[in-house]
Amino acid sequence: MGLTDNLKNMTASLQQGAKNTTVSLSHKLLRLVSGFFTGLVLALIIQEMMQSGTLMLLFFITLFTAIIYTFLGRFSILQILIFDLICVLVISLMRLYIMVAP
């Protein structure tokens, strides 16, 4: 019986480790994707306002991605998805304002 208990404990710990790794990796990937797209939008806005070149665009994308990546570090996956939803709604409002503005 000792061998089967050891085998069950080992497989349970392996499953728990795989689950933790998957959650951690998906959390980091979601933070990176959210930061990149938010950084891209903000960098494009700043590039249009300043009439700067591609190098400044890349710099601002990297800057805003790093800021948002660290900001979203303390949030859970559900909270990050809610943050993304709020960002999409704000961008939709901005688009509507640009289309309606004279």
Please check if Phe36 and Val33 belong to a single hydrophobic cluster, counting links between Ile, Leu, Val, Met, Phe, Trp and Tyr side chain heavy atoms closer than 4.5 Å.
->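 Per the 4.5 Å side-chain linkage, Phe36 and Val33 are co-clustered.
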Hydrophobic cluster membership, Phe75 vs Ile82, 4.5 Å side-chain cutoff |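 No, separate clusters.
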Does [X] use its side chain to pair, donor to acceptor, with the backbone of [Y] at less than 3.5 Å?
X	Y	answer
Thr38	Gly35	no
Thr62	Leu58	yes
His27	Thr22	no
Gln47	Leu57	no
Ser34	Arg31	no

Taking C-beta and beyond as the side chain, do [X] and [Y] meet within less than 4.5 Å on heavy atoms?
X	Y	result
Leu81	Leu85	no
Met49	Ile45	yes
Leu72	Leu30	no

What are the two closest non-hydrogen atoms of [X] and [Y], and how far apart are they?
X	Y	value
Gly39	Ile68	N-CD1, 4.4 Å
Gln79	Arg74	OE1-O, 4.4 Å
Thr70	Ile67	OG1-O, 2.9 Å
Ile77	Ser26	CD1-OG, 3.7 Å

How long is the gap from [atom1] on [X] to [atom2] on [Y], to the nearest 0.5 Å?
X	Y	atom1	atom2	answer
Leu42	Phe37	CG	CZ	13.5 Å
Ile46	Leu63	CD1	CG	8.0 Å
Ser24	Asn20	OG	CG	8.5 Å

According to the interplanar angle, ranging from 0 to 90°, do the rings of Phe60 and Phe64 count as parallel (below 30°), tilted (30 to 60°) or perpendicular (above 60°)?
->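 Parallel: the ring planes of Phe60 and Phe64 meet at under 30°.
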With a cut-off of 6.0 Å (strictly less than), are more than 12 heavy atoms of other residues, nucleotides or ligands near CD of Glu48?
->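 Open.
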CZ/Phe83: more than 12 non-hydrogen atoms of other groups inside 6.0 Å = yes
